[in-house]
Amino acid sequence: MLRHPDPPLTDGVVTLWAKSRADVGALVEACSDPEIPRWTRVPSPYRAEHALQWLEASEGALREGTSIHWLVVDGEDALLASVGLVEIHAERGHAEIGYWVAAPARGRGVATRAVLLVRDWAHGELGLGTVEILANEDNLASRAVALRAGFEDTGEVRGAPREGVPEGRFAVYRSRAPSSA
């Protein structure tokens with residue numbers, strides 16, 4: 001059964017925590033930034049009911065073992081970003097990481113730190129052999145995060161990975177679990 005790590009994942013600068021109803025206001029504020037829906041499935045305008053629907057859907061996906069989502073917070077528990085391990089296929093040893101960063105936290109390495117925590121947890125705790133990031137080719141910041149987090153640019157390009165994702169071409173970045181040899 002998939003569940004949030006206890007204690008939460010942290011690198012001492014950012015902490016990944018399970019979102020709750022208490023986070024709805026912060027989510028609405030962060031997701032009202034037009035850059036987030038530009039690159040993600042986040043609806044615009046973003047309202048409290050969207051945050052509540054996302055909470056419910058995330059809880060269901062966690063129970064099903066198909067995805068796990070976190071909010072990324074700083075030492076004062078301020079919302080910085082969201083990161084998720086999605087499209088988890090345990091039998092294939094594969095998943096994808098998705099993320100967005102709130103406007104005030106951009107350019108501070110928040111996404112890279114969060115991606116590293118999730119990648120290492122996915123490889124080490126879940127035993128996933130392959131973790132990918134699909135970044136819109138035009139989203140240079142997201143592509144830079146993938147490279148800074150040590151993901152390999154495969155040179156592969158795909159269409160939108162899921163329903164609701166804005167149209168575009170998506171560069172594929174891949175991390176493989178270190179061999180245990």
Side-chain angles (χ1 to χ4, degrees), residues 1-5 8-9 14-20 23 27 30-31 35-43 46 50-73 79-102 110-137 139 141-143 145-154 156-177:
M1 178 180 203
L2 190 59
R3 57 183 82 209
H4 286 277
L9 300 176
V14 301
T15 299
L16 309 187
W17 75 11
K19 57 190 176 303
S20 73
D23 300 308
L27 283 166
C31 292
E35 282 300 297
I36 293 175
R38 177 180 178 197
W39 305 112
T40 69
R41 296 173 15 164
V42 170
Y46 196 77
H50 296 119
L52 292 168
Q53 290 167 357
W54 187 41
L55 286 169
E56 186 176 312
S58 295
E59 290 166 2
L62 183 64
R63 282 191 302 276
E64 294 167 3
T66 57
S67 68
I68 183 168
H69 297 268
W70 293 270
L71 295 182
V72 182
V73 298
L79 175 62
L80 304 174
S82 173
V83 64
L85 189 65
V86 301
E87 303 292 329
I88 299 172
H89 297 280
E91 66 285 346
R92 288 184 18 224
H94 179 271
E96 179 188 330
I97 295 176
Y99 46 89
W100 55 255
V101 178
V110 168
T112 301
R113 289 176 174 282
V115 165
L116 287 167
L117 287 166
V118 173
R119 180 204 64 194
D120 293 349
W121 182 78
H123 286 318
E125 295 300 317
L126 298 184
L128 299 178
T130 303
V131 177
E132 292 182 335
I133 293 174
L134 277 65
N136 186 298
E137 282 190 317
N139 190 338
S142 187
R143 295 179 73 179
V145 165
L147 294 172
R148 282 193 304 271
F151 282 66
E152 170 194 357
D153 183 349
T154 67
E156 183 183 348
V157 177
R158 298 181 191 161
R162 277 170 293 296
E163 185 177 325
V165 174
E167 291 298 316
R169 295 169 41 88
F170 291 78
V172 179
Y173 297 86
R174 188 170 293 135
S175 172
R176 299 219 188 263

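Worth knowing before you read on, the calculation uses all heavy atoms, side chains too, and leaves out hydrogens, waters and symmetry mates. Quick caveat, the model's predicted, so the values are computed rather than measured.
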Enquirer: Drop me the distance from R143's CZ to I133's CD1, to the nearest 0.5 angstrom.
Expert: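 One gets 12.0 Å once the value is rounded to the nearest 0.5 Å.
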Enquirer: What are the two closest heavy atoms between L128 and A95, and how far apart are they?
Expert: CD1-CB, 3.6 Å
Enquirer: Quick one: OG1 on T154 to CG on L134, what's the gap to the nearest 0.5 Å?
Expert: 8.5 Å
Enquirer: Is there any salt bridge (Lys or Arg N to Asp or Glu O under 4.0 Å) pair reaching into residues 85-96, and which pairs are they, with sequence neighbours excluded?
Expert: E87-R162, E96-R162
Enquirer: Could you measure the distance from the OG1 atom of T112 to the CG atom of L147? Nearest 0.5 Å is fine.
Expert: 9.5 Å
Enquirer: Heavy atoms only: give me the nearest C31-P37 pair and the separation to one decimal.
Expert: O-CD, 4.0 Å
Enquirer: Which pairs pass salt bridge (Lys or Arg N to Asp or Glu O under 4.0 Å) with one or both residues in residues 116-137, sequence neighbours excluded?
Expert: E132-R158, E132-R174, E137-R169
Enquirer: Under the side-chain contact (heavy atoms from CB on, under 4.5 Å) rule, collect the residues that match up with L62, sequence neighbours excluded.
Expert: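 Checked L62 against side-chain contact (heavy atoms from CB on, under 4.5 Å); matches are L2, H4, I68.
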Enquirer: With S175, which residues qualify under side-chain hydrogen bond (donor to acceptor under 3.5 Å, both in side chains), at least two apart?
Expert: H123
Enquirer: Which pair of heavy atoms, one from W70 and one from A18, lies closest together, and at what distance?
Expert: CD1-N, 4.3 Å
Enquirer: Using side chain to side chain contact (heavy atoms under 4.5 Å, CB included), reason through I97 and V131 one step at a time and then give a plain yes or no.
Expert: CA-CA 7 Å; I97 295 176; V131 177; 3.5 Å; yes
Enquirer: For T15, give me all partners under side-chain hydrogen bond (donor to acceptor under 3.5 Å, both in side chains), at least two apart in sequence or on another chain.
Expert: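 Partners of T15 by the side-chain hydrogen bond (donor to acceptor under 3.5 Å, both in side chains) criterion, ordered by chain and then number, come out as T10.
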Enquirer: Taking only residues two or more places apart in sequence, or in another chain, which ones meet H89 in a ring pair (Phe, Tyr, Trp, His ring centres under 6.0 Å)?
Expert: none
Enquirer: Between L116 and R148, is a side chain to side chain contact (heavy atoms under 4.5 Å, CB included) present by the stated rule, with each step listed?
Expert: CA-CA 9 Å; L116 287 167; R148 282 193 304 271; over 6 Å; no
Enquirer: If the test is side chain to side chain contact (heavy atoms under 4.5 Å, CB included), which one of V73, L80, V83 qualifies with V14?
Expert: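 Only match with V14 under side chain to side chain contact (heavy atoms under 4.5 Å, CB included): L80.
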Enquirer: Just jot down the ring pair (Phe, Tyr, Trp, His ring centres under 6.0 Å) partners of Y46, sequence neighbours excluded, or say none.
Expert: H50
Enquirer: Which residues satisfy the side-chain hydrogen bond (donor to acceptor under 3.5 Å, both in side chains) test with W121, sequence neighbours excluded?
Expert: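 Partners of W121 by the side-chain hydrogen bond (donor to acceptor under 3.5 Å, both in side chains) criterion come out as none, since no residue qualifies.
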Enquirer: With sequence neighbours left out, write down each residue that passes side-chain hydrogen bond (donor to acceptor under 3.5 Å, both in side chains) with R176, or none if nothing qualifies.
Expert: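 By the side-chain hydrogen bond (donor to acceptor under 3.5 Å, both in side chains) rule, R176 matches T130.
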Enquirer: Between Y99 (side chain only) and S142 (backbone N and O only), is there a donor and an acceptor less than 3.5 Å apart?
Expert: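 Yes; at least one donor-acceptor contact below 3.5 Å.
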Enquirer: Run the numbers on V145 and V101 for side chain to side chain contact (heavy atoms under 4.5 Å, CB included), then give the verdict.
Expert: CA-CA 11 Å; V145 165; V101 178; over 6 Å; no
Enquirer: Side-chain atoms of residues 53-61: list all donor-acceptor pairs with protein atoms under 3.5 Å, sequence neighbours left out, distances to 0.1 Å.
Expert:
from: S58; atom 1: OG; to: K19; atom 2: NZ; distance (Å): 3.0
from: S58; atom 1: OG; to: W54; atom 2: O; distance (Å): 2.8

Enquirer: Between CG of L16 and CG of L117, what distance do you get to the nearest 0.5 Å?
Expert: 5.0 Å
